[in-house]
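Worksheet: the structure to be examined is printed underneath.
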Amino acid sequence: MIHSLFLINSAGDIFLEKHWKSVVSRSVCDYFFEAQERATEAENVPPVISTPHHYLLSVYRHKIFFVAVIQTEVPPLFVIEFLHRVVDTFQDYFGVCSEPVIKDNVVVVYEVLEEMLDNGFPLATESNILKELIKPPTILRTVVNTITGSTNVGDQLPTGQLSVVPWRRTGVKYTNNEAYFDVIEEIDAIIDKSGSTVTAEIQGVIDACVKLTGMPDLTLSFMNPRLLDDVSFHPCVRFKRWESERILSFIPPDGNFRLLSYHVSAQNLVAIPVYVKHNISFRDSSSLGRFEITVGPKQTMGKSIEGVTVSSQMPRGVLSMNLTPSQGTHTFDPVTKMLSWDVGKINPQKLPSLKGTVSLQAGASKPDENPTINLQFKIQQLAISGLKVNRLDMYGEKYKPFKGIKYMTKAGKFQVRT
Amino acid sequence: MTDSKYFTTTKKGEIFELKAELNSDKKEKKKEAVKKVIASMTVGKDVSALFPDVVNCMQTDNLELKKLVYLYLMNYAKSQPDMAIMAVNTFVKDCEDPNPLIRALAVRTMGCIRVDKITEYLCEPLRKCLKDEDPYVRKTAAVCVAKLHDINAQLVEDQGFLDTLKDLISDSNPMVVANAVAALSEIAESHPSSNLLDLNPQSINKLLTALNECTEWGQIFILDCLANYTPKDDREAQSICERVTPRLSHANSAVVLSAVKVLMKFMEMLSKDLDYYGTLLKKLAPPLVTLLSAEPELQYVALRNINLIVQKRPEILKHEMKVFFVKYNDPIYVKLEKLDIMIRLASQANIAQVLAELKEYATEVDVDFVRKAVRAIGRCAIKVEQSAERCVSTLLDLIQTKVNYVVQEAIVVIKDIFRKYPNKYESVIATLCENLDSLDEPEARAAMIWIVGEYAERIDNADELLESFLEGFHDESTQVQLQLLTAIVKLFLKKPTETQELVQQVLSLATQDSDNPDLRDRGYIYWRLLSTDPVAAKEVVLAEKPLISEETDLIEPTLLDELICYIGTLASVYHKPPSAFVEGGRGVVHKSLPPRTASSESTESPETAPAGAPPGEQLDVIPTQGDLLGDLLNLDLGPPVSGPPLATSSVQMGAVDLLGSGLDSLIGASNFVSPPAAAVPANLGAPMGSGLSDLFDLTSGVGTLSGSYVAPKAVWLPAMKAKGLEISGTFTRQVGSISMDLQLTNKALQVMTDFAIQFNRNSFGLAPAAPLQVHAPLSPNQTVEISLPLNTVGSVMKMEPLNNLQVAVKNNIDVFYFSTLYPLHILFVEDGKMDRQMFLATWKDIPNENEAQFQIRDCPLNAEAVSSRLQSSNIFTIAKRNVEGQDMLYQSLKLTNGIWVLAELRIQPGNPSFMDLELSLKCRAPEVSQHVYQAYETILKN
């Protein structure tokens with residue numbers, strides 16, 4: 001099982017270590033540093049590294065490497081999932097997960113880590129249980145604690161810990177009972193030179209924020225549940241009911257949680273909401289190249305596209321770019337050769353474009369790789385897959401909750417090849 | 001007010017100040033001080049000097065303070081065992097606390113303190129906690145048993161904690177069940193032999209029930225445990241699969257992958273005709289695809305596993321090619337894995353898409369990735385024949401880009417394409433030759449040289465090209481040198497007139513100026529070949545090469561089956577069985593897939609299990625680069641035979657020959673002076689290039705002059721099991737003496753000496769008649785052939801099966817044991833011919849229940865031939881009759897221990913060339929009949 005955890009910043013300093021069994025010397029991280037050196041970028045450090053006596057599994061989040069040390073055969077996904085859970089818990093406790101924040105709260109971090117694992121076995125990883133065991137630091141609580149001398153460690157056994165619904169604590173009370181659901185879809189797509197789709201898929205999630213008193217039992221039904229054939233549920237969802245009736249039935253955790261994530265990959269179901277017209281050419285003879293891109297809406301069901309940004313990694317031979325945008329602002333970093341253009345909202349009547357010239361290193365041959373264009377955008381009030389919630393019902397409690405559903409579509413890894 | 005204040009220090013010295021604060025009367029101050037201590041500890045500062053002061057703070061009602069002190073204790077108790085004992089009382093008291101949280105905390109912390117003295121005190125509280133009324137305490141205690149086992153395994157066994165732990169599997173609370181399973185699995189890992197997790201249908205049912213209710217982590221433990229179970233039949237397998245399938249929709253990817261493992265394993269038992277089988281296949285694809293939309297680290301692990309799954313059951317993901325397309329900003333480790341899977345999934349249906357993608361990748365920035373993409377194009381060409389032409393033209397396009405590493409990679413793969421589709425794409429050679437100068441990597445240079453040599457007749461200036469390489473011969477890597485040598489010899493054989501000088505030059509470079517034994521040996525062989533028999537040389541060097549097969553880098557089927565059992569584990573990431581890398585090899589049990597028809601007897605032979613392994617994988621896979629170079633003459637002169645590299649003078653002699661008569665004869669002159677041909681080694685080692693085997697067929701088939709049939713040698717002891725010693729052998733009987741012909745091969749890196757052999761007692765008292773004599777030490781890669789005479793005066797013990805022989809071989813490294821079955825006919829003695837009258841009397845005398853009947857089908861011999869063939873193995877024909885057109889032979893034989901066996905052989909002409917024989921055997925010891933029949937069959941069919 002998980003033996004130890006080291007937190008390492010991008011400068012290569014170990015700023016926190018936690019051991020759940022015997023102490024493993026931090027020199028074991030030398031193997032990690034070697035791998036880090038070999039990989040040019042932090043993202044490219046391989047997630048599984050073997051050393052003579054241990055295995056190092058790492059994830060890189062918020063500019064911190066979370067390195068778990070294991071000694072025996074342990075499912076690597078188990079370890080990586082756990083590390084993700086650690087990151088999520090920190091974020092949940094402290095708002096952000098960063099080196100200074102962790103250092104500021106080192107004792108709480110240590111207490112939390114001790115609660116999460118026992119002898120390398122996960123103990124309590126649900127954030128609502130953890131929060132009952134160890135209260136997250138807030139300014140108010142710190143002040144109260146200093147005055148009254150009380151502690152931020154709960155001395156009662158968390159009630160949810162052993163119930164059939166370990167994700168929910170009992171005795172929840174709210175004056176305003178509300179349940180909000182956000183349907184968020186991200187499109188991952190690769191578009192080729194000619195504008196046709198190479199691959200496109202939708203990663204969708206339904207995130208919920210449920211603040212309901214007592215033990216509510218909710219059901220959520222869809223207009224078109226057939227879209228969802230590849231889904232992953234929060235443990236609270238009753239799988240049997242979904243299998244037979246295609247209805248989500250669950251006792252929700254308290255607060256924010258991800259109810260389900262889904263995946264739509266059938267090509268014909270994935271509409272591509274934007275197109276990019278591009279004309280990027282370098283010539284062999286001259287040191288000047290032409291650059292022109294235009295972004296326009298495609299299948300948006302009448303909704304407007306906002307928050308558009310275009311970025312592209314230019315070839316190494318590019319010295320500078322002299323461009324004029326029809327709207328928004330653009331920057332070109334001559335060191336990293338990264339071009340980014342903050343477009344904003346697309347006006348279908350007057351399509352945004354970016355035109356100009358590219359100057360290349362004199363004498364160098366024409367670059368052989370073509371830049372790939374990465375696109376970011378948002379469309380409010382639209383789930384591009386067409387998924388629609390039919391109704392939300394609550395059983396088990398008497399009051400009338402306030403309900404809300406929001407839809408949004410975003411670009412995930414949306415790439416246009418040129 | 002943050003914790004960073006705990007890091008500030010003052011001038012007086014941190015430790016001093018902390019000590020004062022810890023001993024303060026004020027609770028709040030104490031707590032703050034402990035926090036400071038913990039903060040220092042987390043960053044790796046040594047604060048062990050404060051041990052007594054911190055432990056003093058332990059007795060408190062304040063839970064936070066208590067927890068902090070416990071944290072400290074866990075870290076430092078080991079370095080201060082004597083002081084740690086001070087804490088024991090508090091622990092024991094806390095284990096009785098009315099608050100379950102505190103009881104659990106105490107037992108949990110105690111288990112983490114790895115000090116023997118404390119462990120002794122742990123037993124009683126732990127026993128109570130295992131039976132605690134509160135499930136939270138029970139589940140904590142379950143883990144604590146695993147902790148204790150890690151510290152002192154004997155203690156756990158003596159105290160009977162293991163049994164208590166096993167009882168917890170039937171606990172009413174699912175979390176307790178999950179933790180008990182986890183603890184038992186961890187303990188079982190260090191005790192592979194112990195039958196801790198005794199799984200039976202009842203306990204499986206309990207686990208499946210708990211599976212639905214426990215936390216995600218518990219589900220992982222339970223699923224991993226389920227995967228070790230072998231259902232008794234396909235119905236049970238199906239019902240388990242049905243209950244595991246919902247886990248595929250879990251949000252935790254580790255749960256998903258563990259469920260996939262269980263399904264992949266149990267699926268093996270389901271019949272493919274079953275509807276459910278198809279449903280299950282369909283259900284497996286979506287979760288695997290979903291794993292690919294997770295974070296890159298998860299993707300990586302998932303991809304490594306998908307790589308295995310795709311090889312085992314390609315049908316699952318065959319329509320999902322697109323999800324493996326590489327995104328521009330994927331981390332490099334994900335990109336490379338995706339590429340691998342794309343090639344595995346490539347088929348005629350999707351090849352166009354795949355090629356377009358690969359071409360796109362070949363223009364990316366990352367060099368490693370581009371290289372692999374180019375290589376992938378070549379692999380597609382070899383895998384999907386219809387696409388070969390497209391691939392070649394894509395490769396040519398890429399060569400036109402003139403990007404150095406792309407060109408080199410392309411040339412390496414084009415060489416493979418030439419080998420797969422000879423005489424099809426040679427038109428591109430001209431383009432390749434244009435890029436000769438830009439090649440600077442050995443692999444690419446070697447590939448190019450191979451192409452020039454292979455197609456020398458089509459390249460006008462082949463000699464010039466090769467000559468240009470020859471200039472810097474000594475600076476080249478061995479790979480290139482070897483290839484250059486072979487290529488020039490090929491060229492010489494194709495265009496002898498113009499290239500004499502060149503071949504002479506390369507041979508002398510290889511044999512005289514090189515330190516590399518491989519190169520020298522290959523040089524000599526060519527030299528002698530060319531000088532002894534140029535025609536043979538042509539046959540050997542320009543022989544038609546076997547085609548390379550399509551599928552590449554496949555994992556060997558038995559390993560693949562084992563790895564399928566390890567889906568989701570480190571083994572699946574490294575594609576190696578755990579025995580290959582788990583620390584110390586302890587606790588490694590080889591797992592195998594369950595056999596398809598689940599019945600009790602087939603489980604004992606796991607080797608036969610992989611029934612679903614796709615056929616055709618035994619085909620030779622594309623050899624790795626090194627092999628490719630050596631494909632023609634991968635010859636390894638084993639023992640340094642008779643005056644190794646001929647004295648220098650004779651080498652010069654050879655040179656003269658080659659130049660003079662040798663060449664003349666090639667061009668047509670008949671006068672041919674034979675060079676010192678005696679140097680041809682008389683006893684070549686086993687690993688011999690196929691191309692040469694016909695040349696030196698001295699080794700193959702040691703002619704048996706007379707005597708019984710000799711089976712070909714079989715490997716009795718593989719090198720893997722005997723630290724590098726491989727033993728193969730067979731049994732012979734010649735003129736009344738039995739011997740065991742052994743072939744010992746040293747596949748280790750060290751020299752082996754001091755061989756000895758011994759037999760266990762066996763049914764016929766076989767024993768070595770002389771000690772095993774290996775005259776010289778056996779150096780690495782060397783092979784010796786030994787004939788060990790046997791007698792039958794050893795001690796007798798009936799073996800099962802009757803002809804089983806257990807052998808022990810010793811050398812300077814270790815003692816190795818193996819067992820083998822000897823054919824019974826080596827025991828048939830020469831005076832086994834019975835008198836006619838005697839035969840009739842005995843036949844009647846032996847009771848009928850001792851008669852055994854056997855069929856021998858499709859024997860390619862007639863009565864005469866059968867009779868004489870059997871006679872040479874000491875089975876004597878006493879009489880022959882013809883009854884209703886069928887030949888009847890009456891035969892007798894005698895075993896070394898004096899047992900007579902009588903036989904009646906009825907020969908039924910089945911079809912013109914094959915006979916069906918019906919054999920009736922009568923013997924006073926009927927158990928030998930079966931083996932006598934087997935002897936008959938081997939003699940007659942070989």
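Proteins come first, then strands; the chains are lettered A, B, ... in the order of their sequence lines, and each starts at number 1.
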Partner chain A: residue of B:T569, B:L71, B:I151 with the largest heavy-atom pair count (under 4.5 Å): B:T569
Partner chain B: residue of A:Q203, A:H263, A:K413 with the largest heavy-atom pair count (under 4.5 Å): A:K413
Salt-bridge present (B:R247, B:E216; N to O < 4.0 Å): no
Region of B:L68 in contact with chain A, defined by heavy-atom distances below 4.5 Å: side chain
Winner by heavy-atom pair count (cut-off under 4.5 Å) against chain A, out of B:I38, B:I220, B:N329, B:V573: B:N329
Interface residue of largest heavy-atom contact number with chain B, from A:I190, A:V23, A:V48, A:I14, under 4.5 Å: A:V48
Top of B:A251, B:S253, B:C112 for chain A proximity - count of heavy-atom pairs under 4.5 angstrom: B:S253
Can I get a per-line list of side-chain donor-acceptor pairs under 3.5 Å for residues 230-237 of chain A, giving both atom names and the distance, sequence neighbours left out?
| unit_1 | atom_1 | unit_2 | atom_2 | d |
| --- | --- | --- | --- | --- |
| A:D230 | OD1 | B:T290 | OG1 | 2.6 |
| A:D230 | OD2 | B:T290 | OG1 | 2.7 |
| A:H234 | ND1 | A:C236 | N | 3.1 |

Residues B:K67, A:E114: salt bridge by 4.0 Å N-O rule: no
Smallest separation among heavy atoms of B:V406 and B:A362, with atom names: CG2-O, 4.3 Å
Proximity breakdown for B:E186 and chain A, heavy-atom pairs closer than 4.5 Å: side chain
Most contacts with chain A, counted as non-hydrogen pairs under 4.5 angstrom, among B:L298, B:L257, B:D224: B:L298
Non-hydrogen side-chain atoms of A:W20 and A:D118 separated by less than 4.5 Å: no
A:N119 side chain near A:M1 side chain, heavy-atom distance below 4.5 Å: no
Pairwise side-chain contact, B:F221 with A:F121, heavy-atom cut-off 4.5 Å (strictly under): yes
Side chain / backbone / both / neither for A:E81 at chain B, heavy atoms under 4.5 Å: both
Toward chain A, the part of B:Y328 with a non-hydrogen atom under 4.5 Å: both
Part of B:V326 lying under 4.5 Å from any heavy atom of chain A: backbone
All ring pair (Phe, Tyr, Trp, His ring centres under 6.0 Å) counterparts of B:F369, not counting sequence neighbours: B:Y361
Toward chain B, the part of A:R258 with a non-hydrogen atom under 4.5 Å: neither
